[in-house]
Protein chains: 2
Amino acid sequence: MRLNASSPIPLYRQLADRLRSEIDAGVYTIDSKIPSENDLADQFRIGRPTVRQATDLLVRQGQLERRRGSGTFVKKAEPAIDVLSLAGTSAAFSNSELNAQLELLSGATLESNGHYCVKRRALVDDIPVLLETLHFHAELFPGLDQQSLTDRSLSALVKEVYFLEPISADQTFSVLMADAHYANVLDLPEQTPLLHVHRRLHFHDNPDALHADIVCRTDRFEFSQTLYPTHANSHASSKAGQQTQPLQLKPL
Amino acid sequence: MRLNASSPIPLYRQLADRLRSEIDAGVYTIDSKIPSENDLADQFRIGRPTVRQATDLLVRQGQLERRRGSGTFVKKAEPAIDVLSLAGTSAAFSNSELNAQLELLSGATLESNGHYCVKRRALVDDIPVLLETLHFHAELFPGLDQQSLTDRSLSALVKEVYFLEPISADQTFSVLMADAHYANVLDLPEQTPLLHVHRRLHFHDNPDALHADIVCRTDRFEFSQTLYPTHANSHASSKAGQQTQPLQLKPL
DNA sequence: TTCATCAAGTTGTCTTGACAACTTGACCGT
DNA sequence: ACGGTCAAGTTGTCAAGACAACTTGATGAA
């Protein structure tokens with residue numbers, strides 16, 4: 001069993017790719033041990049330092065962890081942030097202790113501005129908590145009106161059907177007063193103050209493909225997040241500028 | 001010039017520490033080149049792979065970058081998130097294009113609940129934008145009332161005087177109506193809806209040492225942040241669970 | 001049955017050596 | 001003066017080898 005020594009792709013990257021696809025294929029499951037460095041070196045007819053380079057790469061990508069004296073183990077993958085939902089994933093939302101549910105108020109309808117509009121509402125113990133209105137750029141999401149919006153999360157749909165993954169997302173916080181529409185949907189008096197979160201997703205080459213407005217009541221529920229400062233001497237270096245700041249002040 | 005081969009600290013870590021302190025001391029400045037791997041190996045009487053392990057460590061910590069064929073260069077340090085301010089740093093706040101200023105309304109006064117209370121207000125073009133009330137646990141911040149709160153950022157003070165750095169910070173978003181106090185401080189009518197951000201900083205062993213309430217007007221200004229999802233196959237792996245989620249819904 | 005010891009196995013550190021791929025600057029020709 | 005070529009220098013990749021430090025499981029003794 002050999003790697004392709006004449007390929008321009010370095011041997012260690014070939015091995016890393018192979019190990020990664022074996023992990024993805026379930027050959028090695030979460031918390032299970034991959035073959036030892038010496039075994040992999042024998043198996044692939046390469047030196048142990050080359051094996052270490054490959055496993056180093058996967059360790060740094062969070063897929064493997066090494067335990068000195070024991071071996072190298074597959075780590076549980078951290079779920080990527082789902083910036084299209086409130087609580088991480090739609091599944092987590094409906095399974096949480098909150099007895100929360102997400103209902104689709106209207107599927108993708110094409111608007112005159114060239115966007116598909118989707119409305120959904122979240123309830124906790126049958127109390128309406130928030131209304132979310134999503135706008136999908138119709139040219140980038142062709143046929144969205146023909147897609148089922150309840151079979152999987154919106155992020156999964158965007159990724160699997162349209163092959164788009166956001167590289168960043170802006171969230172803007174403001175306050176608004178409930179008009180008749182919001183009062184009706186959220187079942188509260190008009191002129192109740194509501195938290196408004198405008199979210200805009202940025203994809204490679206398509207900075208304004210998808211945006212959402214989330215209007216929430218904060219009288220019975222709170223909306224929070226946790227920030228993690230990365231300090232100068234920490235283990236993992238974040239990419240340049242890619243840390244979430246607490247809040248930035250901008251004029252309207 | 002030798003490293004201490006009988007120390008339990010591996011040679012590569014000793015070299016990394018030495019290089020780091022030389023960078024910190026200004027021996028090598030931003031964008032300048034450190035000695036080549038071969039030169040460092042000669043200089044310190046170690047092998048070149050050991051030098052690479054040291055520079056690898058600093059590369060992964062974001063302090064060095066390697067340019068193949070050219071050498072190894074000092075990178076500009078990314079500022080850590082300042083979770084005690086709105087716009088990153090107090091200095092950035094007053095220097096921004098916004099003509100913004102931060103004024104101290106009241107210095108650290110000891111309250112009956114065992115916290116020092118600090119109030120400050122932000123203005124843009126002399127328009128009051130927000131009021132921030134900070135509560136410092138008096139036992140953890142002894143003598144805070146004797147400290148100048150305007151010479152440096154609060155984060156710098158907390159770090160340099162009290163040797164505390166937050167490992168995380170919670171932000172909770174809700175809405176409130178301006179009472180007479182807020183109406184006065186922010187110069188707007190009573191019953192104006194305001195955005196309320198409750199921020200709680202967590203330190204090692206001291207989960208509730210410092211919290212803040214920030215009350216903002218959103219009629220003329222918006223408050224935003226940018227999220228950066230880390231995807232499964234990205235270069236840099238974030239620590240387990242340490243990505244900022246968009247928002248999490250919790251009952252009051 | 002429990003605990004201590006030891007051997008085998010595994011990762012962590014380090015060495016010397018070599019070639020590949022790239023960068024940069026000097027030199028030469030037009 | 002400008003452009004091309006080449007040599008020297010530098011990082012990137014890879015190898016074989018060795019010892020240190022740790023883990024784990026098996027075995028033997030109490």
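Proteins come first, then strands; the chains are lettered A, B, ... in the order of their sequence lines, and each starts at number 1.
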| request: Check whether any side-chain nitrogen or oxygen of A/Tyr12 sits under 4.0 Å from OP1 or OP2 of D/dC14, and answer yes or no. | output: no
| Looking for any heavy atom pair under 4.0 Å, which part of the strands does A/Pro10 touch: base, sugar-phosphate only, or nothing? | sugar-phosphate
| field | Criterion side chain to side chain contact (heavy atoms under 4.5 Å, CB included) against A/Leu58, the qualifying member of A/Ile34, A/Leu19, A/Leu15, A/Asp17 | value | A/Leu19
| B/Ile9 CD1 to C/dC14 P: how many Å, rounded? | 11 Å
| task | Between B/Pro49 and B/Ser36, just flag the one whose closest nucleotide in DNA chain D comes earlier from the 5' side. | result | B/Ser36
| note | Taken to the nearest 0.5 Å, the spacing of A/Ile167 CD1 from B/Leu227 CG works out to 13.0 Å
| Nearest-Å distance, CG (A/Leu40) to P (D/dA15)? | 13 Å
| Distance in angstrom units between B/Leu15 CG and C/dT13 C1', rounded | 14 Å
| D/dT13 phosphate, OP1 or OP2: any side-chain N/O from A/Thr50 under 4.0 angstrom? | no
| field | Atom-pair distance (CZ on B/Arg52; P on C/dG12), nearest Å | value | 19 Å
| query | Quick one: is C/dT10 close enough that its OP1 or OP2 comes under 4.0 Å of any side-chain N or O from A/Arg66? | reply | no
| said: For a quick check of understanding: with a heavy-atom distance under 4.0 Å over all strands, which category does B/Gly69 fall into, base, sugar-phosphate or nothing? | reply: base
| task | Ignoring backbone atoms, establish whether A/Ser70 has a side-chain N or O less than 4.0 Å from OP1 or OP2 of C/dT10. | result | no
| field | Side-chain ion pair, A/Glu22 and A/Arg20, N-O less than 4.0 Å | value | no
| said: Tell me whether the side-chain N or O atoms of A/Arg67 pair up with the base of C/dG12 as donor and acceptor below 3.5 Å, since no angle test is needed here. | reply: no
| Under 4.0 angstrom between B/Arg48 side-chain N/O and C/dT15 OP1 or OP2 | no
| message | One pair to check against side chain to side chain contact (heavy atoms under 4.5 Å, CB included): A/Phe141 and A/Val158. What are the steps and the verdict? | response | CA-CA 8 Å; A/Phe141 298 98; A/Val158 167; 3.9 Å; yes
| Closest nucleotide among C/dG12, D/dT11, D/dC14 to the A/Arg68 side chain | C/dG12
| query | Residues two or more places apart in sequence or in another chain: which of them pass salt bridge (charged side-chain N to carboxylate O under 4.0 Å, His left out) with B/Arg66? | reply | B/Glu37, B/Asp56
| Roughly how many Å is it from CG in A/Leu11 to P in C/dA21, rounded to a whole number? | 12 Å
| query | Could you give the CG-to-P distance, from B/Asp42 to D/dG9, as a whole number of Å? | reply | 12 Å
| field | Candidate nucleotides D/dT13, D/dA15, C/dT15, ranked by approach to the side chain of A/Gln53 - the nearest | value | D/dT13
| remark: Between NZ of B/Lys33 and P of C/dT23 the distance, given in whole Å, is 14 Å
| field | Length of the CG-P vector between A/Asp56 and D/dC14, whole Å | value | 13 Å
